[in-house]
2 protein chains.
Amino acid sequence: MSVRVGHRAGKDVSGRDFTAVGRALAAPVRSTVLNLLIDGSSRPAGELARAAGVRPSTASEHLAALVDAGFVVAEPRGRQRFFRLADARVADALETLGELCPPAPVVSLRQSREQARLARARLCYDHLAGRLGVAVTDAMVGRGWLGDGLVVTSAGRTGLVDRGVDVDAAGSGRRPLTRACPDWTERREHLAGALGAAVAGRFLAAGWVARRGSTRGLAVTEAGLVALADEWGVPADLLDVPC
Amino acid sequence: MSVRVGHRAGKDVSGRDFTAVGRALAAPVRSTVLNLLIDGSSRPAGELARAAGVRPSTASEHLAALVDAGFVVAEPRGRQRFFRLADARVADALETLGELCPPAPVVSLRQSREQARLARARLCYDHLAGRLGVAVTDAMVGRGWLGDGLVVTSAGRTGLVDRGVDVDAAGSGRRPLTRACPDWTERREHLAGALGAAVAGRFLAAGWVARRGSTRGLAVTEAGLVALADEWGVPADLLDVPC
DNA sequence: GAAACGCTTCGGCGGCGGCCGAAACGTCGT
DNA sequence: ACGACGTTTCGGCCGCCGCCGAAGCGTTTC
């Protein structure tokens, strides 16, 4: 018989227990679900089950596990339940973690028009992404608003407040003010974090961009093109050039 | 019979495959190991096995898995292998992920005190390590006893012999007289090799340090503090500053 | 009401993965 | 050359977890 002496001596000295979060990510179905929800969308269990290629019963168990782990939250809506990421920090963590697992599965070529639209402008969870996100970030860096590591300079703070972005409110929470979010359509990183969300919120509130349907895709309005050029220093043609 | 219709419909639309990274985090032993290494330290497999409370064979498997997942890298050093985090991004990801799992395992005060003691003074195989080892090595270098590559100078030979270290006996064997041993708690290297063992032996024989129990931890005695300051040029407070 | 629909819970089955001890391998010290 | 030591590899055992179909529950529709 084995000795099993181990568990007496072994015990975490400090730090975090990554076991639960690891288990939550360990199953292919759950990974697929998270990828589907990482854009901030909210989807019913059945759709997630179909997308992941499992029976509703199996998906239900996986979704329960994700809820239990704090990754997603469920919201009853009629006779179905919609699931979405629980928190912006979850999206942040998944993006950061994505850096460690470069193997990105292939993408279906079918919806190429939709792909192209998404590549132009979209929301990545709650901040601007696509060429729009990169262009806005680049402009902010070019003007000296963002320094090394995307830290906000004093000039950046002034410029952003002038354009209606509440930098103080964004920096008040526990969420990191700025983060570099790597993009899968662009080579470049773009602004994420609390400030990224605040900028995106300003763009939506001002009517510079509009959500297209229930997707995460964004349409840049006429007023948005003007504002981008005049206030943000982003020429309109930048959004059309595929870089 | 089951239908297995699933895998036709199921396919990742885009994004990352979190499965591998999740599996790597899913085991308690691996979580413990990562917590031990998250400070950038480099530790041999046996120590990690003991800390995690498993047999060396089991730890070896877990470490191989972590290496395979790209979380840690192994570095052969003598007859043991040292492991450390592979990359700064790994530490970043773990830190970000830690936000998601606030349940921080209990900190055993007992063990954290032991950690502090080990960081202060211990034996690394058979030579002095911890802050004591680094401080003694630094003092010897500062006095010109050890030159480039930690070779013993004539002044060093004299000084060591005067303090009861039998340099000749240490140099008589086939074992290298001096070696630089990288430390995991300190940034600096410290003296190892035959001379390192001889110095440690002198410290023990003179009662300047004493083994605490059967561990490799060392306690610096009152006489040791005096001798360190007077004979070796190591002020006592150097051992208490956490560098 | 009754039927349709969406989701969850419950057994049951199969496979993966963690744990150990024994043995092999390489290095270090005598 | 030999023994000691740290690490890895290899079977074998056991438990956990993911998958399914069937059944149960709540909501919507007729």
Side-chain angles (χ1 to χ4, degrees), chain A residues 1-7 10 19-20 22-33 43-50 52-69 74-83, chain B residues 1-7 10 19-20 22-33 43-50 52-69 74-83 124-127 169-177 179 181 192-198 201 216:
Chain A
M1 180 179 180
S2 63
V3 179
R4 296 285 179 181
V5 69
H7 294 286
T19 308
R23 299 209 75 80
L25 297 171
V29 172
R30 294 196 285 267
S31 176
T32 302
V33 167
R43 309 186 188 219
E47 177 180 339
L48 295 171
R50 253 177 288 117
V54 291
R55 298 297 179 199
S57 61
T58 303
S60 179
E61 292 173 349
H62 285 297
L63 290 170
L66 286 174
V67 169
D68 204 50
E75 177 189 0
R77 202 181 293 175
R79 59 184 165 188
Q80 42 193 8
R81 285 176 79 203
F82 279 67
F83 294 85
Chain B
M1 180 179 181
S2 65
V3 178
R4 295 287 181 182
V5 68
H7 291 290
T19 308
R23 300 208 75 81
L25 297 171
V29 172
R30 295 197 284 267
S31 177
T32 302
V33 167
R43 312 190 188 210
E47 177 180 338
L48 295 171
R50 253 176 287 118
V54 292
R55 300 295 179 201
S57 61
T58 302
S60 180
E61 293 172 349
H62 285 296
L63 291 170
L66 286 174
V67 169
D68 205 49
E75 175 189 2
R77 202 181 293 175
R79 58 184 165 191
Q80 42 194 8
R81 287 177 77 202
F82 279 67
F83 294 84
C124 175
Y125 194 60
D126 59 0
H127 57 267
S172 64
R174 282 180 46 202
R175 186 181 181 187
L177 182 59
R179 259 170 29 94
C181 178
L195 186 60
R216 66 188 194 285

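A note on names: the letters A, B, ... follow the listed sequences, proteins ahead of strands, and every chain is numbered from 1. Computed from a predicted model, the values in this text were never measured in an experiment.
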Closest heavy-atom pair and its distance - [X], [Y]:
| X | Y | value |
| --- | --- | --- |
| His62(B) | Ala27(B) | CE1-CB, 3.9 Å |
| Arg81(A) | Pro76(A) | CG-CA, 4.1 Å |
| Pro44(B) | Gln80(B) | CB-OE1, 3.9 Å |
| Leu63(B) | Ala45(B) | CD1-CB, 3.7 Å |
| Ala52(B) | Thr32(B) | CA-CG2, 4.2 Å |
| Ala26(A) | Gly22(B) | CB-C, 4.1 Å |

Within the side chain of Arg30(B), is there an N or O that forms a donor-acceptor pair under 3.5 Å with the backbone of Arg23(B)?
yes
Using whole Å, report how far [atom1] of [X] lies from [atom2] of [N].
| X | N | atom1 | atom2 | result |
| --- | --- | --- | --- | --- |
| Phe82(A) | dG6(C) | CZ | C1' | 11 Å |
| Arg55(A) | dC20(D) | CZ | C1' | 8 Å |
| Arg81(B) | dT27(C) | CZ | P | 12 Å |
| Arg43(B) | dG6(D) | CZ | P | 17 Å |
| Arg50(B) | dC5(D) | CZ | P | 13 Å |

Touch class at under 4.0 angstrom, heavy-atom based, for Phe83(A) against every strand present:
sugar-phosphate
Give one of base, sugar-phosphate or nothing for Pro76(B), where a contact means two heavy atoms less than 4.0 Å apart.
nothing
Using a 4.0 Å heavy-atom cut-off to protein, can you give one letter per nucleotide of nucleotides 22-30 of chain D, 5' to 3': B if the base is in contact, S if only the sugar-phosphate is, - if neither?
B----BB--
Students should find that the end-to-end axis angle of the helix from dG1(C)-dC30(D) to dT30(C)-dA1(D), with five pairs defining each axis and rounding to 10 degrees, is 30°
Check: protein-nucleotides 14-18 of chain C nitrogen or oxygen pairs below 3.5 Å:
residue: dG17(C); atom: OP1; partner: Arg23(B); partner atom: NE; Å: 3.4
residue: dG18(C); atom: OP1; partner: Arg30(B); partner atom: NH1; Å: 3.0
residue: dG18(C); atom: OP1; partner: Arg30(B); partner atom: NH2; Å: 2.7

Nearest 0.5 angstrom please: Glu47(B) CD to Phe82(B) CZ, how far?
8.0 Å
